[in-house]
Number of protein chains: 2
Amino acid sequence: MDTDAELRIDAPHRELLDQILDKWSLSVLNELCERPCRFNELRRAVPQVTQKSLTSTLRRLERNGVIEREVVSTRPVAVRYRITPLGKTLRHPIDVLLAWATQNMSAIAAAREAFDVREEAGR
Amino acid sequence: MDTDAELRIDAPHRELLDQILDKWSLSVLNELCERPCRFNELRRAVPQVTQKSLTSTLRRLERNGVIEREVVSTRPVAVRYRITPLGKTLRHPIDVLLAWATQNMSAIAAAREAFDVREEAGR
DNA sequence: CGGAATCCTATTCGATACTG
DNA sequence: CAGTATCGAATAGGATTCCG
């Protein structure tokens with residue numbers, strides 16, 4: 001019998017998820033699932049991200065094949081990012097995650113408060 | 001149907017997900033979903049994590065109410081971590097995520113190779 | 001056993017300036 | 001417009017030591 005060998009998360013799993021679930025990726029992917037976006041559109045859509053972080057996030061997502069980058073050679077240049085078919089398969093996992101977060105937001109806020117009170121009381 | 005129901009990820013959403021989807025949390029949660037574990041059991045189950053990172057991960061997950069910590073006052077002390085009811089609701093999102101990663105692992109590896117070749121070729 | 005404390009390095013990050 | 005380059009600050013992360 002396989003006692004606990006079911007869904008062990010190994011290094012490749014974790015590395016992959018780290019690349020796609022990082023701080024800004026979810027926001028970017030969620031945005032690009034709605035519609036293709038240009039660089040500054042994304043900045044406006046995710047106001048807290050800096051240009052530098054957005055750039056590296058986009059590169060990483062592109063490298064992993066979940067978004068693609070198209071350069072339109074106008075003056076000045078336009079760059080359009082869009083979700084790929086592979087990226088579209090992330091829609092469901094992301095939605096499940098967001099649904100969970102939305103549903104449990106208040107329960108978690110309560111847990112945090114309780115924890116912090118316990119901490120302050122010295123355990 | 002959510003036609004264009006903006007599932008905008010706001011700051012609270014992202015902060016919450018950052019706390020629960022970080023580098024080691026998935027592995028720890030996945031393990032604790034199987035059974036309660038003691039500290040060093042978790043270390044063995046997730047061999048790459050350091051004691052320091054495991055400690056902070058556990059604290060954070062406890063603060064967010066998804067796991068709980070029980071101290072058994074023996075000599076020497078035993079500490080047992082277990083998933084909470086709230087934490088159990090993470091089982092589905094995590095499974096969806098792992099399923100996605102497993103299914104698309106090779107497609108992503110291929111995308112990375114293609115990207116790296118393009119890079120090397122100077123775009 | 002289950003950490004806390006300390007030290008130290010490495011990576012990340014924001015801010016700023018510049019460019020095709 | 002869509003970045004690149006750079007620098008210093010902040011933060012994360014590993015290794016080690018020690019303690020109840």
Side-chain angles (χ1 to χ4, degrees), chain A residues 9 11 14-15 17-28 31-32 35-64 67-82 115 118-120 122-123, chain B residues 11 14-15 17-28 31-32 35-64 67-83 115 118-120 122-123:
Chain A
I9 305 180
R14 220 186 25 261
E15 191 229 353
L17 291 174
D18 278 353
Q19 300 239 333
I20 286 166
L21 297 180
D22 86 298
K23 186 163 188 178
W24 301 114
S25 292
L26 274 194
S27 303
V28 168
E31 200 62 33
L32 290 181
R35 65 180 185 288
C37 276
R38 297 178 53 173
F39 188 81
N40 283 337
E41 279 186 288
L42 283 171
R43 289 194 73 174
R44 282 188 293 275
V46 191
Q48 307 93 329
V49 72
T50 63
Q51 167 269 324
K52 185 179 179 179
S53 299
L54 181 56
T55 299
S56 64
T57 297
L58 289 169
R59 283 278 182 283
R60 190 163 20 74
L61 293 178
E62 187 194 359
R63 177 168 187 264
N64 285 276
I67 68 171
E68 61 185 11
R69 178 176 182 269
E70 175 199 2
V71 180
V72 185
S73 301
T74 50
R75 271 293 325 260
V77 289
V79 178
R80 165 175 307 269
Y81 293 93
R82 56 162 48 86
F115 181 92
R118 262 180 286 150
E119 282 286 274
E120 207 164 332
R123 296 283 219 172
Chain B
R14 216 186 29 259
E15 191 228 353
L17 291 174
D18 278 353
Q19 300 239 332
I20 286 166
L21 298 179
D22 85 300
K23 186 164 189 177
W24 300 113
S25 293
L26 274 194
S27 302
V28 169
E31 201 63 32
L32 291 181
R35 64 181 185 289
C37 277
R38 296 178 52 173
F39 189 81
N40 283 337
E41 279 186 287
L42 283 171
R43 290 193 72 173
R44 283 189 292 275
V46 191
Q48 307 93 329
V49 72
T50 62
Q51 170 264 321
K52 184 178 180 178
S53 299
L54 180 55
T55 299
S56 64
T57 297
L58 289 169
R59 281 280 182 282
R60 191 162 18 73
L61 292 178
E62 187 195 358
R63 177 167 186 265
N64 285 276
I67 69 172
E68 60 186 10
R69 178 177 183 268
E70 173 199 5
V71 180
V72 185
S73 301
T74 51
R75 270 296 322 249
V77 290
V79 178
R80 166 175 306 268
Y81 293 94
R82 55 162 49 89
I83 197 96
F115 181 92
R118 261 180 288 150
E119 282 287 273
E120 209 163 332
R123 296 285 220 171

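All chains are named by letter (A, B, ...) in the order of the sequence lines, taking the proteins before the strands, and each is independently numbered beginning at 1.
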Below 4.0 angstrom from OP1 or OP2 of C:dA4, is there any side-chain N or O of B:R59?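 Yes, B:R59 has a side-chain N/O under 4.0 Å of OP1/OP2 on C:dA4.
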
Indicate whether OP1 or OP2 belonging to D:dG14 is found under 4.0 Å from a side-chain N or O atom of B:T50.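 Yes, because at least one side-chain N or O of B:T50 sits under 4.0 Å from OP1 or OP2 of D:dG14.
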
Keeping [X] on the side-chain end and [Y] on the backbone end, is there a donor-acceptor pair under 3.5 Å?
X	Y	result
B:S53	B:V49	no
A:R63	B:F115	no
B:D22	B:D18	no

How many whole angstroms separate atom [atom1] of [X] from atom [atom2] of [N]?
X	N	atom1	atom2	result
B:Q51	D:dG13	CD	C1'	12 Å
A:D18	C:dT11	CG	C1'	14 Å
B:L54	D:dA12	CG	P	17 Å
A:E62	D:dA2	CD	P	15 Å
B:R69	C:dC1	CZ	P	16 Å
A:R80	D:dA2	CZ	P	10 Å
B:E70	C:dG2	CD	P	12 Å
B:K23	C:dT11	NZ	P	11 Å

Would you give the length of the straight line joining atom NZ of A:K23 to atom CD of A:Q48, rounded to the nearest 0.5 angstrom?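 One finds 9.0 Å between NZ of A:K23 and CD of A:Q48.
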
Roughly how far, to the nearest 0.5 Å, is NZ of B:K52 from CG of B:L54?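 If we round to the nearest 0.5 Å, B:L54:CG and B:K52:NZ are 13.5 Å apart.
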
Nearest-nucleotide pick for [X], side chain only, options being [options]:
X	options	result
A:P76	D:dC1, D:dG3, C:dG3	D:dC1
A:K52	C:dA15, D:dT4, C:dT6	C:dA15
A:Y81	D:dG3, C:dG3, C:dG14	D:dG3
A:V77	C:dC1, C:dA5, D:dC1	D:dC1

So A:S53, base contact, sugar-phosphate only, or nothing? Heavy-atom distance under 4.0 Å.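 Answer is sugar-phosphate: A:S53 comes under 4.0 Å of backbone atoms only.
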
Should B:T55 and B:Q51 be marked as a side-chain hydrogen bond (donor to acceptor under 3.5 Å, both in side chains) after you check the CA-CA gap, both sets of side-chain angles, and the distance that decides it? CA-CA 6 Å; B:T55 299; B:Q51 170 264 321; 3.2 Å; yes

Does anything in residues 36-49 of chain B come within less than 4.0 Å of DNA chain D? Heavy atoms only, and list the residues if so.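 Residues of residues 36-49 of chain B that come under 4.0 Å of DNA chain D do not exist, since none gets that close.
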
Heavy-atom distance under 4.5 Å between the side chains of A:L58 and A:L42, does that happen here?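 Yes, their side chains come closer than 4.5 Å.
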
